[in-house]
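Comments concern the structure below.
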Amino acid sequence: MSAADMKIITVIGSGLIGRSWAMLFVSGGYNVKIYDNQPGQSARAIAEIKKQLVELEEAHMLRGELSAAQQLALLSSYDDLSQALDGAFFVQECVFEQLEVKQSIFHDMERFVGKDVILSSSTSCLVPSKVFSKVQNRSRCLVSHPVNPPYYVKLVELVPHPETAAAVMDTTHALMTKVGQAPVLLKKEIDGFALNRVQAAIIAESWRLVQDGVISVKDIDLVMSEGLGMRYAFIGPMETMHLNAPKGLEDYMSRYSENITRVLSSFGPVPDFCGEGAKSVINEMCELIPCDQQHLSARQERRDQFLMRLAKLKKD
Ligand code: NAD
């Protein structure tokens with residue numbers, strides 16, 4: 001496929017993530033066609049995106065080289081799948097996280113696209129071999145898993161189907177890099193991909209420590225936000241270890257691996273997240289931040305403001 005053929009991207013599903021992908025792709029100068037199976041929904045999504053692009057421009061946080069008006073001019077909305085797919089070289093699916101819905105939309109899409117068109121899913125939790133099981137040519141399929149909100153959190157996990165062609169991974173990696181995201185390649189599929197596996201480990205141990213009466217909800221959150229998280233916003237756990245011993249990673253492990261192994265072997269089974277045992281943890285959290293809409297929305301806004309400022313700091 002020549003560069004001239006790589007101008008149009010179709011986004012399928014115009015909810016939170018579909019709108020975010022559309023904003024990212026137009027920031028890189030691509031024409032983006034948005035499709036949603038709810039009539040009028042993709043047009044409403046463009047109206048919402050317009051509002052956000054203008055606000056971002058005013059806050060000097062607009063991504064890419066183009067103005068908000070120029071980016072907006074690259075967007076179009078469709079209620080018809082075949083028209084939405086016409087001319088696209090890359091399709092990013094963002095429909096509900098339900099296996100049957102995803103399998104069926106990819107099956108439908110394959111009728112309308114050429115054999116070289118890349119089919120990419122935003123799924124958070126479904127492995128590619130399941131999502132694409134009804135697609136005939138699976139060498140062009142992969143998962144591109146974003147992190148919310150993708151405009152400020154740039155990581156994208158690229159996860160291949162067992163049959164995905166290397167060139168498809170390379171093209172997607174180049175596309176994500178071009179629009180300013182930070183793609184990482186998984187060499188094979190695995191439940192939870194990389195991010196959610198690491199996140200699950202952190203959730204499990206934090207939950208256990210609170211449930212076992214070792215630490216409060218408030219303080220375990222501070223362990224991350226004032227401790228580990230300070231480094232992790234800039235360097236990962238591997239580099240952190242490498243820098244934390246005079247002669248690097250091997251030295252670090254010769255000093256600390258015994259401790260790490262002992263602590264790891266004291267981890268208990270998967271905690272009770274939903275039953276009787278969970279209630280005290282949940283109550284403690286809700287005393288700190290009541291779980292009504294008003295309190296949660298205010299904290300979500302605060303989180304997004306912080307993320308925006310952190311994204312700016314990382315850019316500088
Ligand atoms: P959402 O509910 O906000 O939006 C889904 C959109 O898809 C809706 O507009 C709906 O009308 C449309 N839709 C449903 N079925 C369709 C179909 N057959 N054809 C066309 N459009 C259809 O969902 P979301 O939060 O944007 O999530 C979308 C995907 O992104 C999911 O797979 C989710 O797991 C993944 N994801 C979400 C997050 C997150 O934090 N929300 C993060 C990473 C990945």
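Counting starts at 1 for both ligands and their atoms, following the listed order.
With atom 19 (N) of ligand 1 as the reference point, the heavy atom nearest to it among I105, D36, D108, V101 is part of I105. With atom 5 (C) of ligand 1 as the reference point, the heavy atom nearest to it among C94, A45, P39 is part of C94.
Residue E93 places no N or O, backbone or side chain, under 3.5 Å from any N or O of ligand 1. For the pair S124 and ligand 1, the shortest N or O to N or O distance falls below 3.5 Å. Ligand 1 has no N or O atom lying under 3.5 Å from any N or O atom of V147, backbone or side chain. Between E97 and ligand 1, at least one N/O pair is under 3.5 Å apart.
Judged purely by atom type and a 3.5 angstrom limit, K154 has no side-chain atom pairing as donor or acceptor with the backbone of P183. E189 contributes a side-chain N or O that, together with a main-chain N or O of S129, makes up a donor-acceptor pair within less than 3.5 Å.
The two residues V117 and R140 come nearest to each other via the heavy atoms O-NH1, 3.0 Å. The shortest non-hydrogen separation linking L313 to F234 is CD2-CZ, 4.0 Å.
From the protein, the heavy atom lying nearest to atom 43 (C) of ligand 1 is P146 O, 3.2 Å. With hydrogens left out, the protein atom closest to atom 18 (N) of ligand 1 is N37 ND2, 3.4 Å, a heavy atom. Looking at atom 26 (O) of ligand 1, its nearest protein heavy atom turns out to be I17 N, 2.8 Å. If you check which protein heavy atom lies closest to atom 35 (C) of ligand 1, you get S122 O, 3.3 Å. Protein heavy atom nearest atom 2 (O) of ligand 1, with residue, atom name and distance: F96 CE2, 3.4 Å. In this structure, atom 1 (P) of ligand 1 lies nearest to the protein heavy atom G15 CA, 4.0 Å. In terms of protein heavy atoms, atom 40 (O) of ligand 1 is closest to N148 CB, 3.2 Å. Scanning the protein heavy atoms around atom 29 (C) of ligand 1, the nearest turns out to be V95 O, 3.4 Å.
No cation-pi contact links K134 to F106, judged by a cut-off of 6.0 Å to the six-membered ring centre and 45° from its axis.
Ion pairing between a basic and an acidic side chain is recognised when a charged N comes within 4.0 Å of a carboxylate O; K279 and E276 show such pairing.
Looking at I34 and I46, their side chains come closer than 4.5 Å, going by heavy atoms from C-beta outward. Proximity of T10 to Q92: side-chain heavy atoms (C-beta onward) are nowhere separated by under 4.5 Å. Using a 4.5 Å heavy-atom cutoff, the side chains of Y256 and V263 are not in contact.
Under the 4.0 angstrom criterion for non-hydrogen atoms, K102 is in contact with ligand 1.
Interface of T123 with ligand 1, defined as ligand atoms under 4.0 Å from a residue heavy atom, comprises 32 (O). Heavy-atom proximity to Q38, at under 4.0 Å, picks out these atoms of ligand 1: 11 (O).
For atom 23 (O) of ligand 1, the nearest protein heavy atom lies 4.0 Å away or farther.
Between Y30 and F89, the ring-plane angle classifies as tilted under the 30° and 60° cut-offs.
Residue contacts with ligand 1 for L16 involve both N, CA, C or O and side-chain atoms from C-beta outward (heavy atoms, distance under 4.0 Å).
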Exercise for the section: Step by step, work out the side chain to side chain donor-acceptor pair (under 3.5 Å) result for S133 and Q103. Expected result: CA-CA 7 Å; S133 63; Q103 284 174 334; 2.9 Å; yes

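Surrounding NE2 of H242 are at most 12 heavy atoms belonging to other residues, nucleotides or ligands under 6.0 Å away.
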